[in-house]
Amino acid sequence: MSYSPPPRARSGPRRRTLLASLAGATALLTGCSAGSSPAERAASAATRARARAARDSADLLARYDAVLDAHPALADRLSPLRAAVAAHRDAFGGTPDGKASKGDKAKQSGKAQKSPSPVPTASADRKEALTSLASAERTVADRRAAALLEVPGELARLMASVSAAGSAHAYLLTEAAK
């Protein structure tokens, strides 16, 4: 006769059941403590990135204006680039002259408002003014390119396009400074 081990009667829940329950409870607790869903966090990150991009474009516009005020002879060369930067600001939801819409003002009423950016000044030296403007364009283009991985698809495509345009502007300005 062959010996067969006695069947073991399992008392209590199985190991898999316990692990699944533990994983489910952990997911519930983590979800509750986060405060918002991943979609809400992504939307707020996209909103912040869009606002930052609009501010950056508005700051670039102020730099272009300062250079144009200091060097009116550069108007033919800088006006098309300035117009493109204004279009970029508008594409990101910025407003002309940095004025906030009524909805934006209502959102900011409960928050501490940031002090406005200082008005940029341009060098009296034409070459130095163009080099400074090229550097600002390059810095903003690099910042936008770095932010691409953290924003959703449509905004990422817009930021990539505007970043490429900013890099082209930086190149053109650098060449003009030579």
Side-chain angles (χ1 to χ4, degrees), residues 36 40-178:
S36 60
E40 290 171 342
R41 286 190 298 272
S44 75
T47 301
R48 286 190 308 273
R50 185 178 289 273
R52 172 73 186 260
R55 261 191 329 271
D56 286 346
S57 291
D59 291 345
L60 278 174
L61 277 175
R63 286 180 175 271
Y64 272 96
D65 291 340
V67 172
L68 286 169
D69 288 345
H71 305 282
L74 293 173
D76 289 343
R77 187 175 294 250
L78 296 183
S79 293
L81 301 178
R82 186 196 180 284
V85 172
H88 298 159
R89 179 209 51 214
D90 296 344
F92 287 120
T95 55
D97 300 327
K99 295 177 184 172
S101 67
K102 290 179 184 177
D104 292 339
K105 288 180 183 176
K107 288 178 189 176
Q108 293 177 353
S109 64
K111 300 178 186 176
Q113 294 185 8
K114 294 181 181 178
S115 62
S117 299
V119 177
T121 58
S123 172
D125 179 40
R126 176 188 165 278
K127 182 176 179 179
E128 193 175 309
L130 287 172
T131 302
S132 174
L133 191 55
S135 176
E137 280 275 14
R138 193 173 298 108
T139 300
V140 171
D142 291 346
R143 186 180 309 135
R144 287 177 177 157
L148 289 176
L149 299 175
E150 299 172 13
V151 295
E154 188 63 31
L155 181 56
R157 287 186 285 278
L158 176 61
M159 287 182 81
S161 175
V162 172
S163 177
S167 294
H169 289 183
Y171 172 77
L172 293 171
L173 291 166
T174 301
E175 289 298 309
K178 290 183 179 177

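Hydrogens, waters and symmetry mates are skipped; everything else that's a heavy atom, side chains included, is used.
Between the CG atom in D69 and the OG1 atom in T121 there is a gap of 11.0 Å [rounded to 0.5 Å]. Between atom CZ of residue R52 and atom CG of residue D59 there is a gap of 9.0 Å, rounded to the nearest 0.5 Å.
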Can you list, pair by pair, the side-chain donor-acceptor contacts under 3.5 Å of residues 139-148, counting residues two or more places apart and other chains?
from: T139; atom 1: OG1; to: S135; atom 2: O; distance (Å): 2.9
from: R143; atom 1: NH1; to: D56; atom 2: OD1; distance (Å): 3.0
from: R143; atom 1: NH1; to: D56; atom 2: OD2; distance (Å): 2.9
from: R144; atom 1: NH2; to: A53; atom 2: O; distance (Å): 2.8
from: R144; atom 1: NH2; to: S57; atom 2: OG; distance (Å): 2.6

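With hydrogens and angles disregarded, no donor-acceptor distance shorter than 3.5 Å links the side chain of H169 to the backbone of L133.
In terms of heavy-atom proximity, P80 sits nearest to A75 at CD-O, 4.4 Å. Contact between E137 and G166 at its shortest, heavy atoms only, is OE1-CA, 3.5 Å. Between A49 and V151, the closest heavy-atom pair is CB-CG1, 3.5 Å. Minimum heavy-atom separation, H71 to S123: NE2-O, 2.8 Å. Here the closest heavy-atom approach between residue V67 and residue A129 is recorded as CG2-O, 4.1 Å.
In this structure, the side chain to side chain donor-acceptor pair (under 3.5 Å) partners of R138, at least two apart in sequence or on a different chain, are T174.
By the 4.5 Å heavy-atom criterion applied to side chains, L158 and R50 are counted as neighbours. The side-chain heavy atoms of R77 and L173, taken from C-beta on, include no pair separated by under 4.5 Å. Inter-residue side-chain proximity for R55 and F92 is flagged as unmet; no heavy-atom pair is nearer than 4.5 Å. The shortest distance between side-chain heavy atoms of L130 and L74 falls below 4.5 Å.
Of the residues listed (L60, V162, D90), the one engaging V85 in a side-chain contact (heavy atoms from CB on, under 4.5 Å) is L60, and it is the only one.
In summary, the side chains of S161 and R157 do not present any donor paired with an acceptor at a separation below 3.5 Å, with no hydrogens or angles considered.
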